[in-house]
Protein chains: 2
Amino acid sequence: MNKFIVSTDCVVFGRDKNNKVNLLLIKRKSDTFDGYWALPGGMVEDFESVDDSAKRELEEETGLSTVFLEQLYTFGDLGRDPRGRVVSVAYYALLNIGDLELKPDTDASDAQWFPLNNLPEKLAFDHDKIITTALNRLRGKINYFPLVFELLPEEFTIEEVREIYSDILNQDLDRRNFSRKLKSTGCLIHLDKKKKVLVGKPPTLYKFDYEECEENGFNITL
Amino acid sequence: MNKFIVSTDCVVFGRDKNNKVNLLLIKRKSDTFDGYWALPGGMVEDFESVDDSAKRELEEETGLSTVFLEQLYTFGDLGRDPRGRVVSVAYYALLNIGDLELKPDTDASDAQWFPLNNLPEKLAFDHDKIITTALNRLRGKINYFPLVFELLPEEFTIEEVREIYSDILNQDLDRRNFSRKLKSTGCLIHLDKKKKVLVGKPPTLYKFDYEECEENGFNITL
DNA sequence: ACAAAAGTGTTAGATCTACACCCATGA
DNA sequence: TCATGGGTGTAGATCTAACACTTTTGT
């Protein structure tokens, strides 16, 4: 009987106050990859499913329990962890950072949000590969699944949605065409409220209509 | 340190002589789920990566070593295997059955191909869930990735491609529109050969142009 | 010459892209 | 009234779906 350690790693995407997408990394304080930035994660325990383990680790890091979390891919190469045979099930999570206070884990000296276009060069283990996989998944899936609303607050403006799409896809999107496409999904609830702004015309606030989406799906191909 | 058994399960899709898509199942001869149909698979060994393990198991079952194989999803719920804590990394494979002779594994009394629309009712473990996941992946991915050519012989006709798409998506596809769309991918090599047929006009044979596809991608949205 | 399946073209409707001006608000 | 950013419409191009007849071959 061959038994392995099974761990989870989580690619956590968070939206900051400037409506930019960031990635959460932990600075390792450990005998392996000391000082390197790494994805949050940890070992799966006996009493929990792999999914629950990822959820637990994420809660311990962020204090949030209701974030979107989805399995990404499993990394099981020999030698991916110098300490021994570790199979890692990777997840990705989406959340709105808000005023979230990070609680660094015990084996980490620091936790930090990095903007997508400014990630550290060298990461621990095969975590760069995991991040690339997560980004590709995200870029593909936002076309047919309402992932970006997991990053936004409950009430948002169309411009905020567009900026998130732009940031993730790393390309400009025409403001008018985007607005039309987003509305044509039929999954927006128009609120009779405007967002308070410092300058310019106050934009309309919307909520995402999860029921409608459940019934008729979501598609916004850019 | 919590150590688990890591296994692989493989959803093998094969095209039969009638150009229909089938799924390979193994009849269990074992103390758990005896007599039930199950996916081929087995434990990951110390000396191999998880990917390699799936490849090895598949070779042992089918005798084929060059089939398309891709990781699908990891199933890690508690109690999914009554014998103990087993985390299973599921894969899916695509192949052209041809004259392939199946070699049943030691803990199986029978291996059999089942047409997609006629799978057994009850399957061992959570294998029905794994198959559903695989079918969903397949149905989504054939739109933007040339998976179906892994099922077909090297030289094929457009009608054969259409029938495979039809079978996987479980819907009729207009013959003329499909032909146009498939050709417009730019990834077909027109051969100066016709397929021998018993009745009717002999259809043109094509090969898939993997180089072209590599460069410009593949997209056929039905 | 007949039966069977392959091959092909057109048209109307829908969708997509590119693009510029007016509107509402706060200072 | 000005500066700022939000909101909206249209025309031309492209793509899509629906649809039927002609061609090639074997018997």
Side-chain angles (χ1 to χ4, degrees), chain A residues 17-20 142-144 148 152-153 155-167 169-208 216-222, chain B residues 17-20 142-144 148 152-153 155-167 169-208 216-222:
Chain A
K17 293 152 206 149
N18 302 320
N19 207 33
K20 290 289 177 191
I142 54 176
N143 283 300
Y144 61 90
V148 299
L152 290 158
E155 303 187 347
F156 51 81
T157 70
I158 289 184
E159 270 302 283
E160 285 168 339
V161 181
R162 185 177 67 95
E163 283 170 21
I164 296 286
Y165 268 91
S166 248
D167 202 19
L169 297 173
N170 197 26
Q171 64 177 327
D172 283 345
L173 299 169
D174 183 88
R175 203 159 51 85
R176 285 160 291 187
N177 291 337
F178 183 85
S179 169
R180 180 153 7 109
K181 277 186 188 171
L182 184 55
K183 286 176 185 165
S184 78
T185 62
C187 296
L188 289 194
I189 299 167
H190 179 115
L191 303 175
D192 285 329
K193 282 168 130 182
K194 306 283 178 186
K195 180 170 184 176
K196 298 265 183 292
V197 285
L198 295 171
V199 290
K201 179 173 174 176
T204 305
L205 285 164
Y206 292 84
K207 281 171 76 169
F208 189 75
N216 303 321
F218 176 84
N219 194 281
I220 179 165
T221 307
L222 312 166
Chain B
K17 294 151 206 151
N18 303 319
N19 206 34
K20 290 290 177 190
I142 54 175
N143 284 300
Y144 62 91
V148 300
L152 290 158
E155 302 186 348
F156 52 81
T157 70
I158 290 184
E159 270 302 283
E160 285 168 340
V161 181
R162 185 177 67 94
E163 282 169 23
I164 297 286
Y165 269 92
S166 248
D167 203 17
L169 298 173
N170 197 26
Q171 64 177 331
D172 284 345
L173 299 168
D174 182 88
R175 204 157 50 84
R176 284 161 291 186
N177 291 337
F178 182 85
S179 170
R180 177 152 11 103
K181 277 185 187 172
L182 184 55
K183 286 175 183 164
S184 78
T185 61
C187 296
L188 290 194
I189 301 167
H190 179 116
L191 303 176
D192 285 330
K193 281 167 133 182
K194 305 282 176 185
K195 181 171 185 178
K196 297 267 184 291
V197 285
L198 296 170
V199 291
K201 178 173 176 175
T204 305
L205 285 165
Y206 292 83
K207 282 170 76 169
F208 190 75
N216 302 320
F218 176 82
N219 194 282
I220 179 167
T221 306
L222 312 168

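So you know, we letter chains A, B, ... as the sequences are listed, proteins then strands, and number each from 1.
Atom CZ in A:R176 sits about 12 Å away from atom C1' in C:dC22, given to the nearest Å. Atom P of nucleotide D:dT16 and atom CG of B:D174 are separated by 13 Å, given to the nearest angstrom. When rounded to the nearest whole Å, the span between CD1 of A:I158 and P of D:dT8 equals 8 Å. The distance from atom CZ of B:R175 to atom P of C:dG7 is 8 Å, rounded to the nearest whole Å. Atom CG in A:N177 sits about 7 Å away from atom C1' in C:dC16, given to the nearest Å. At whole-Å resolution of the value, CG in B:L205 and P in D:dT24 are 18 Å apart. We find that CG of A:L222 is positioned 16 Å from P of C:dT15, with the value rounded to whole Å. In this structure, A:K201 atom NZ and C:dA24 atom C1' are separated by 5 Å, rounded to whole Å.
Remark: the A:N177 side chain and the A:S179 side chain contain no N/O donor-acceptor pair separated by less than 3.5 Å.
Residues from residues 178-196 of chain A lying near DNA chain D, meaning a heavy-atom separation below 4.0 Å, are A:R180, A:K183 in numerical order.
Classified by interplanar angle (parallel below 30°, tilted 30° to 60°, perpendicular above 60°), the ring pair A:F208/A:F218 is perpendicular.
Within 4.0 Å of B:T204, counting heavy atoms only, lie sugar-phosphate atoms of the nucleic acid but no base atom.
Sequence order on DNA chain C of the closest nucleotides to B:V199 and B:Y206 puts B:V199 first from the 5' end.
Put simply, the side chain of A:Y144 never gets that close to the backbone of A:T221: no donor and acceptor are under 3.5 Å apart. With hydrogens and angles ignored, the 3.5 Å screen pairs no side-chain donor or acceptor of B:N18 with any backbone N or O of B:K20. B:R175 places no side-chain N or O within donor-acceptor distance of the main-chain N or O of B:E159, the cut-off being under 3.5 Å. Proximity of a side-chain donor or acceptor of B:S166 to a complementary backbone N or O of B:E163 within less than 3.5 Å is not detected.
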Between side-chain atoms of residues 188-195 of chain B and protein atoms elsewhere (two or more places apart, or another chain), which donor-acceptor pairs fall under 3.5 Å?
unit_1: B:K193; atom_1: NZ; unit_2: B:E155; atom_2: OE1; d: 2.9
unit_1: B:K193; atom_1: NZ; unit_2: B:E155; atom_2: OE2; d: 3.0
unit_1: B:K194; atom_1: NZ; unit_2: B:T204; atom_2: OG1; d: 3.0
unit_1: B:K195; atom_1: NZ; unit_2: B:E160; atom_2: OE2; d: 2.3

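Listed candidates were C:dG7, D:dT25, D:dG6. Nearest to the side chain of A:E159 is D:dG6.
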